[in-house]
J.: 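Sharing a structure with you now.
So that the names make sense, note that chain A is the first sequence line, chain B the second, and so on, each numbered from 1.
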2 protein chains.
Amino acid sequence: MIAIDDTRLSVVRSHGGPSTARGPLDRQRIIGEAVTFVDEHSLQELTMRRLGQRLGVEAMSLYRYVDGREDLLDAMVQQTLVGLDVDPHLRLLPTDGWQAYLQRLAHGVRDIALAHPKVFPLVATRHPDAPWLRPPLRSLTLVEAFLEALIERGFSDDAAVAAYRAFSSFLLGHLLLEVSALGAATAPAEEPLAEPTSEDDGNDVEEAGTERGRNGSDERLAEFPQLRRLEERLSQDDAQAEFEMSLESLLQRLELTLS
Amino acid sequence: MIAIDDTRLSVVRSHGGPSTARGPLDRQRIIGEAVTFVDEHSLQELTMRRLGQRLGVEAMSLYRYVDGREDLLDAMVQQTLVGLDVDPHLRLLPTDGWQAYLQRLAHGVRDIALAHPKVFPLVATRHPDAPWLRPPLRSLTLVEAFLEALIERGFSDDAAVAAYRAFSSFLLGHLLLEVSALGAATAPAEEPLAEPTSEDDGNDVEEAGTERGRNGSDERLAEFPQLRRLEERLSQDDAQAEFEMSLESLLQRLELTLS
DNA sequence: ACCTGAACACCGTTCAAGT
DNA sequence: ACCTGAACACCGTTCAAGT
């Protein structure tokens, strides 16, 4: 008599048993399941109907807890970032300077981006709730803490606000690049499966006026000597180290605005 | 909350003429129309059927020129960026240094982002064609030119590649932030139209257990003294000047790696 | 050669009705 | 109180058929 709470309700067609899996359903569970669904599949594949199925209910039930798909997406963004608001490790300690705080904060956001690379584009591109909230630091609590930390440590109001913007755009740029590259490497989640067609009949006449850009990325490279020469270097990157260095450089730049 | 039906993009008869307006249709015209449609409405609203309507054909006709919606989106990204490849103003002139070139390039990309703020998120988040191409500089020609310019001016291979990445993430962060803020200001494009419902009877009881975060962004501010104090400063920004300064600072940083 | 009608397999969302 | 059946207005996409 064990309640198997393992998560293999993937294609559960449980029309037989009373699927009293986990009680009534609630907003939190919906959002959480939506996030892990996107982690495992993709944003495109996230569908009210599929999400319902995954939770053992019909899609319509979700509308009791969620104000439609848009609301769901907003909630997912908030949910993935909520750790930043509460993690005591990310608090500004009396002992450390603003640099240490920003370092921890930056790494906190990066950890989230890497943990949910398929969700992060949402964090980056959804319109924030307030016009002066900038992604990816999109919560009042967080921005308040940010400003407080800097002002308390000697930043002027203007310098603190400028730092908020510089920090935001730094994180946005670096992390989006990083998850984008990561997506290319982990790619095969988008398209289900392409059946191996019996090609090779050489009948592929390139469509007359259409000029479809199938870049072989190996063929085309002939015309681009630098790219060909540097292809390997361009492919390999130590994102971690790069992040560290750029962050360091940003902090130094901010330090200059202090005097 | 409100039914979202009936966007009234009724038939767009271009000049009062019947449906067959401009000859047979071609890929270029489709892509162009898609871009201006998104400029005027939003990505969400871009639909094969609506796009067809706009071009005076049925949706199915589009599939002769476009390999489905995904292909369309990719083509739109390429299309909005193609100016960078060909604009002679953006070429590396023999007379100027790499700084001048990067300045022009940066402003070229920025101009595009500002001209198509609704398309730019696509530029930022779609998976590039090659794993070592990083948004927003996503064309072989462009990256080749970039590397060439720097290497010719004294950058080592590694320094040039590092510069490419730093430049990319700089543009991505700044421009995404800028168009995001811009979207918030120009907001009303997302939701078609809210019919003037007769209810302004203030009967909005907050849902019982659901805790929906309707941040009034005026109310909630009570608990956040810094935000309240700095709200105005946070709202107003001179994106142009900020871009200029950050770019300048990036160039200086790159210069250091030269020695 | 180019376009469409009809059809298919899905969507998001609403609402009256079930339990 | 919570969920669902049925329905509606859309989607993207395919393909045989029209011109």
Side-chain angles (χ1 to χ4, degrees), chain A residues 11-15 17-30 34 37 41-75 190-192 194-195 197 205 207-210, chain B residues 1-11 18-30 34 37 41-75 190-195 197 205 207-210:
Chain A
V11 198
V12 145
R13 218 64 200 98
S14 64
H15 269 140
S19 59
T20 52
R22 276 189 202 61
L25 195 63
D26 66 84
R27 181 167 234 254
Q28 206 46 235
R29 198 142 67 82
I30 292 173
F37 184 93
H41 302 82
S42 77
L43 263 145
Q44 288 210 348
E45 277 158 303
L46 178 66
T47 261
M48 299 303 276
R49 292 171 130 105
R50 283 207 264 254
L51 182 56
Q53 185 177 232
R54 179 110 158 186
L55 288 159
V57 300
E58 301 297 318
M60 315 91 197
S61 312
L62 304 177
Y63 288 83
R64 196 151 281 270
Y65 306 93
V66 154
D67 218 26
R69 190 175 196 265
E70 293 300 293
D71 181 46
L72 212 210
L73 295 180
D74 281 334
E190 293 288 296
E191 298 294 318
E195 56 187 52
T197 59
V205 204
E207 235 95 15
T210 58
Chain B
M1 189 168 276
I2 288 144
I4 20 160
D5 51 318
D6 187 359
T7 25
R8 38 180 107 6
L9 338 143
S10 49
V11 197
S19 31
T20 58
R22 279 185 199 67
L25 195 62
D26 66 82
R27 181 168 235 255
Q28 207 45 236
R29 198 145 64 83
I30 292 173
F37 184 94
H41 301 83
S42 77
L43 261 135
Q44 288 211 349
E45 276 157 305
L46 177 67
T47 260
M48 298 303 276
R49 292 170 130 107
R50 283 207 266 252
L51 182 56
Q53 185 177 232
R54 180 111 159 186
L55 287 158
V57 299
E58 300 297 318
M60 315 91 196
S61 312
L62 304 176
Y63 287 84
R64 195 152 282 271
Y65 306 92
V66 152
D67 217 26
R69 191 175 194 263
E70 292 300 293
D71 181 45
L72 213 212
L73 296 180
D74 281 334
E190 292 288 297
E191 299 293 321
L193 225 323
E195 53 187 55
T197 54
V205 204
E207 236 93 16
T210 57

J.: Working to the nearest 0.5 angstrom, can you tell me the gap between A/Phe37 CZ and A/Ile30 CD1?
T.: 14.5 Å
J.: Check the distance between D/dG12's C1' and B/Asp71's CG and give it to me in whole angstrom.
T.: 14 Å
J.: Measuring from atom OH of B/Tyr65 to atom CG of B/Asp26, what distance do you get when rounded to the nearest 0.5 angstrom?
T.: 7.5 Å
J.: Mind calculating the distance between CZ (B/Arg29) and C1' (C/dC2) to the nearest angstrom?
T.: 13 Å
J.: Supply the atom-to-atom distance B/Leu51 CG to B/Arg49 CZ, rounded to the nearest 0.5 angstrom.
T.: 13.0 Å
J.: How long is the line joining CG of B/Leu72 and C1' of D/dC11, in whole Å?
T.: 15 Å
J.: How long is the span from the CD atom in B/Glu58 to the CD atom in B/Gln53, to the nearest 0.5 Å?
T.: 9.0 Å
J.: Just how far is it from atom CG of B/Asp67 to atom CG of B/Asp74, taken to the nearest 0.5 Å?
T.: 10.5 Å
J.: With a cut-off of less than 4.0 Å, is there a side-chain N or O of B/Thr47 near OP1 or OP2 of D/dC10?
T.: no
J.: Which nucleotide sits closest to the side chain of B/Glu58: C/dC3, C/dT4, D/dT4?
T.: C/dT4
J.: If the threshold is 4.0 Å, N to carboxylate O, is there a salt bridge linking A/Arg27 and A/Asp71?
T.: yes
J.: Remember a base hit wins even if backbone is also touched, and classify B/Ser61 as base, sugar-phosphate or nothing at under 4.0 Å, heavy atoms.
T.: base
J.: Is the backbone N or O of A/Thr47 less than 3.5 Å from a side-chain atom of A/Arg69, with the two atoms forming a donor-acceptor pair by type?
T.: no
J.: Take the protein atom CG of B/Leu46 and the nucleotide atom C1' of D/dC10, then report the distance between them rounded to whole Å.
T.: 15 Å
J.: Rounding to an integer number of Å, can you tell me how far B/Leu73 CG sits from D/dG12 C1'?
T.: 12 Å
J.: Return the value, rounded to whole Å, for the distance between atom CD of A/Gln53 and atom P of D/dC3.
T.: 17 Å
J.: Pairing of DNA chain C as dot-bracket, 5' to 3': ( ) intra-strand, [ ] crossing, | other strand, . unpaired, with Watson-Crick or G-U pairs under 3.5 Å?
T.: ||.|||||...|||||.||
J.: Please encode protein proximity along nucleotides 13-19 of chain D as a string of B, S and -, counting only heavy-atom distances under 4.0 Å.
T.: BBB----
J.: Would you say a side-chain N or O of A/Arg50 is under 4.0 Å from OP1 or OP2 of C/dC11?
T.: yes
J.: From CD of B/Gln44 over to P of C/dG12, roughly how many Å is that when rounded to an integer?
T.: 12 Å
J.: Check the side chains of B/Ser42 and B/Glu45 for a donor-acceptor pair under 3.5 angstrom, ignoring hydrogens and angles.
T.: yes
J.: State the CG-NE2 distance between B/Leu46 and B/His41, to the nearest 0.5 angstrom.
T.: 10.5 Å
